[in-house]
Amino acid sequence: MEIAVISGKGGTGKSSISAAFATLENHVVLADCDVDAANLYILFNPVVEKEKAFVTGQKAVIDERKCTNCGYCIDFCRFDAISYENDKVIISDTLCDGCVLCSRICPYDAINNIYEDKSRMYAGSFRNGRMVYGRLAPGEENSGKLVNMVRQEAKREAENNQLAVTIIDGPPGIGCPVISAITGVDHVIIVTEPSVSGLHDLKRTIEITSKFNLKSWVIINKSDINSNISELIKTYCKNTRIDILAELPFDSQMVEAMVQCKSIIEWLPDSTISQKLIHAFNRITNGS
Ligand SMILES: Nc1ncnc2c1ncn2[C@@H]1O[C@H](COP(=O)(O)OP(=O)(O)OP(=O)(O)O)[C@@H](O)[C@H]1O
Ligand code: SF4
Ligand code: SF4
């Protein structure tokens, strides 16, 4: 069973809730698909057994031995990645889109295209099973493909180790990486919070999961910080026939758990939030 935890809006508590679910059972696969800002490896400190490079696009690099600094290539770059710096022509790593045009037009054959391979996928063990995560290097692209790579590896881990449940910590937003994280999963849990942007992004996220016909649930985290918006969220969920899986109160112990590098289940198993999350998880996995 693959359970994806997503949020639309960032910072709603998606990773804290994924971590809690991942520590409820002793044998799970945890896939951190928030590859732009993976953080569960910091919490769980997994023992990495496998590291694989993720090759994204290409970047243009000037061969200084051949370049005459004529500046001819500058006007051709539609991404303004080529410029003069101290009378030398340089290419910005972060602005270059890898379109390879400059290497074709340089009269001195002074530009090479190199493949970007700084992003990584890691797999290994953590205290409650197996863990897979991806880290996209700064300025690199195609995070949706890296999410896909993490998911494929998580499926292999589940099969090889006969682990029945995979928890996917998805990326925020509603773009391509999110779609990669939720495609084909059995359940999607959308974590929201009662704020104007929380409600707005919840609506956009529900639109996506409905289009993909995915079984979706909503967790209202920090539900007591604004009772009016909490009510609006509940009404919206009712109208769109999405079940509210849990309403979790604001509790600074959630922050303290993270500071202690623990999930709330490990830190305070008897707390209201832990008990509600246990109940929510059972509802999904046992249908109870
Ligand atoms: N119920 C809660 N009460 C108080 N603080 C909370 C609660 N849930 C989460 N937090 C805190 O809110 C912050 C954001 O939580 P978290 O990192 O889990 O969110 P996220 O949605 O995964 O963020 P991102 O979009 O950056 O991945 C953390 O400091 C976390 O400890
Ligand atoms: S066109 Fe070629 S030689 Fe001229 S500045 Fe650009 S890279 Fe250098
Ligand atoms: S590869 Fe394309 S984007 Fe990159 S510097 Fe050359 S022309 Fe600009």
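Source: prediction; values computed, not measured. Note that the numbering runs from 1 along the sequence shown for the chain. Counting starts at 1 for both ligands and their atoms, in listed order.
By the 6.0 Å contact criterion, CG on Asn239 is enclosed, its count of non-hydrogen atoms from other residues, nucleotides or ligands being greater than 12. With a 6.0 Å radius and a threshold of 12 heavy atoms from other residues, nucleotides or ligands, Tyr84 has its OH atom above the threshold. Other residues, nucleotides and ligands contribute only 12 or fewer heavy atoms inside 6.0 Å of the CD atom of Glu64. Few gaps surround CZ on Arg127; more than 12 heavy atoms of other groups in view lie less than 6.0 Å from it. Enclosure of atom NZ in Lys215 by more than 12 non-hydrogen atoms of other residues, nucleotides or ligands within 6.0 angstrom is indicated. Annotation: Lys238, atom NZ; neighbour count of heavy atoms from other residues, nucleotides and ligands within 6.0 Å does not exceed 12.
The nearest heavy-atom contact from the protein to atom 29 (O) of ligand 1 is Val255 CG2, 4.3 Å. Closest to atom 6 (Fe) of ligand 3, if we only count protein heavy atoms, is Cys102 SG, 2.3 Å. Of all protein heavy atoms, the one closest to atom 19 (O) of ligand 1 is Gly13 N, 3.0 Å. What sits closest to atom 7 (S) of ligand 3 on the protein, heavy atoms only, is Cys99 SG, 3.5 Å. With respect to atom 4 (Fe) of ligand 2, the closest heavy atom belonging to the protein is Cys70 SG, 2.3 Å. Considering only non-hydrogen protein atoms, atom 18 (O) of ligand 1 sits nearest to Ser16 OG, 2.6 Å.
A side chain to side chain contact (heavy atoms under 4.5 Å, CB included) with Ile219 is found for exactly one of Leu277, Ile244, Val5, namely Leu277.
In summary, no N, O or S atom of Cys67 is located under 2.8 Å from atom 6 (Fe) of ligand 2. At least one N, O or S atom of Cys77, from either the backbone or the side chain, sits less than 2.8 Å from atom 8 (Fe) of ligand 3. Coordination check, Cys96 versus atom 4 (Fe) of ligand 3: passed, since an N/O/S atom of the residue sits under 2.8 Å.
Considering backbone and side-chain atoms together, Pro172 places no N or O closer than 3.5 Å to any N or O of ligand 1. Ligand 1 has a nitrogen or oxygen under 3.5 angstrom from a nitrogen or oxygen of Asp34. Residue Asp251 places at least one N or O, backbone or side chain, under 3.5 Å from an N or O of ligand 1.
Side-chain contact check for Trp267 and Gln253: at least one donor-acceptor pair (N or O, by modelled atom type) lies under 3.5 Å. Side chains of Ser119 and Glu140: a donor on one and an acceptor on the other come within 3.5 Å.
Nearest to atom 8 (N) of ligand 1 by heavy atom, out of Val191, Thr12, Asn221, is Asn221. Between atom 21 (O) of ligand 1 and the options Lys14, Glu256, Lys9, the minimum heavy-atom separation is to Lys14. Closest heavy-atom approach to atom 3 (S) of ligand 3 within the set Ile111, Asn113, Val100, Asp97: this belongs to Asp97. The closest non-hydrogen atom to atom 26 (O) of ligand 1, taken over Gly11, Ser223, Ser18, comes from Gly11. Closest heavy-atom approach to atom 13 (C) of ligand 1 among the candidates Met258, Lys222, Met254: Lys222. In the candidate list Ser103, Cys106, Cys73, Ala60, Cys106 is nearest to atom 2 (Fe) of ligand 2, counting heavy atoms.
Shown in contact with Tyr108 at under 4.0 Å from a heavy atom are these atoms of ligand 2, numbered in order with element: 3 (S). Interface atoms of ligand 3 facing Phe79, defined by a heavy-atom separation under 4.0 Å, are 3 (S). Within ligand 1, the atoms closer than 4.0 Å to a non-hydrogen atom of Ile273 are 1 (N), numbered from 1 in the order shown. With ligand atoms numbered from 1 in the order given, ligand 2 contributes 4 (Fe), 5 (S) to contacts under 4.0 Å with heavy atoms of Gly71. Heavy-atom proximity to Gly10, at under 4.0 Å, picks out these atoms of ligand 1: 25 (O). Numbered from 1 in the order shown, with element, the atoms of ligand 1 that lie under 4.0 Å from a heavy atom of Ser15 read 18 (O), 20 (P), 22 (O), 27 (O). Annotation for ligand 3: atoms under 4.0 Å from non-hydrogen atoms of Ile82 are 5 (S).
Only the side chain of Val89 comes within 4.0 Å of ligand 2, judged by heavy-atom distances. Under 4.0 angstrom from ligand 2, the non-hydrogen atoms of Pro107 all belong to its side chain. Neither the backbone nor the side chain of Ile17 has a heavy atom within less than 4.0 Å of ligand 1.
Geometrically, Lys145 does not engage Phe54 in a cation-pi contact defined by less than 6.0 Å to the ring centre and at most 45° from the axis.
In summary, Glu207 and Arg204 do not engage in a salt bridge, as defined by a charged side-chain N under 4.0 Å from a carboxylate O. The pair Arg130-Glu49 meets the salt-bridge criterion, with a side-chain N (NZ, NE, NH1 or NH2) lying under 4.0 Å from an Asp/Glu carboxylate O. Salt bridge Lys234/Glu231: present, at least one basic N to carboxylate O contact under 4.0 Å. Salt bridge present: Glu2 and Arg151 bring a charged side-chain N and a carboxylate O closer than 4.0 Å.
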- Message: Please determine whether side-chain hydrogen bond (donor to acceptor under 3.5 Å, both in side chains) holds for the pair Asp169 and Ser15, giving the CA-CA distance in whole Å, both sets of side-chain angles, and the decisive distance to 0.1 Å.
- Response: CA-CA 6 Å; Asp169 183 23; Ser15 299; 3.0 Å; yes
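Contact of the Asp34 side chain with the Pro172 side chain is registered, since non-hydrogen atoms from C-beta on lie closer than 4.5 Å.
Using a 4.0 Å heavy-atom cutoff, Pro249 is listed among the residues neighbouring ligand 1. In this structure, Phe76 has no heavy atom closer than 4.0 Å to ligand 3.
Between atom CD1 of residue Ile62 and atom CD1 of residue Ile91 there is a gap of 4.0 Å, rounded to the nearest 0.5 Å.
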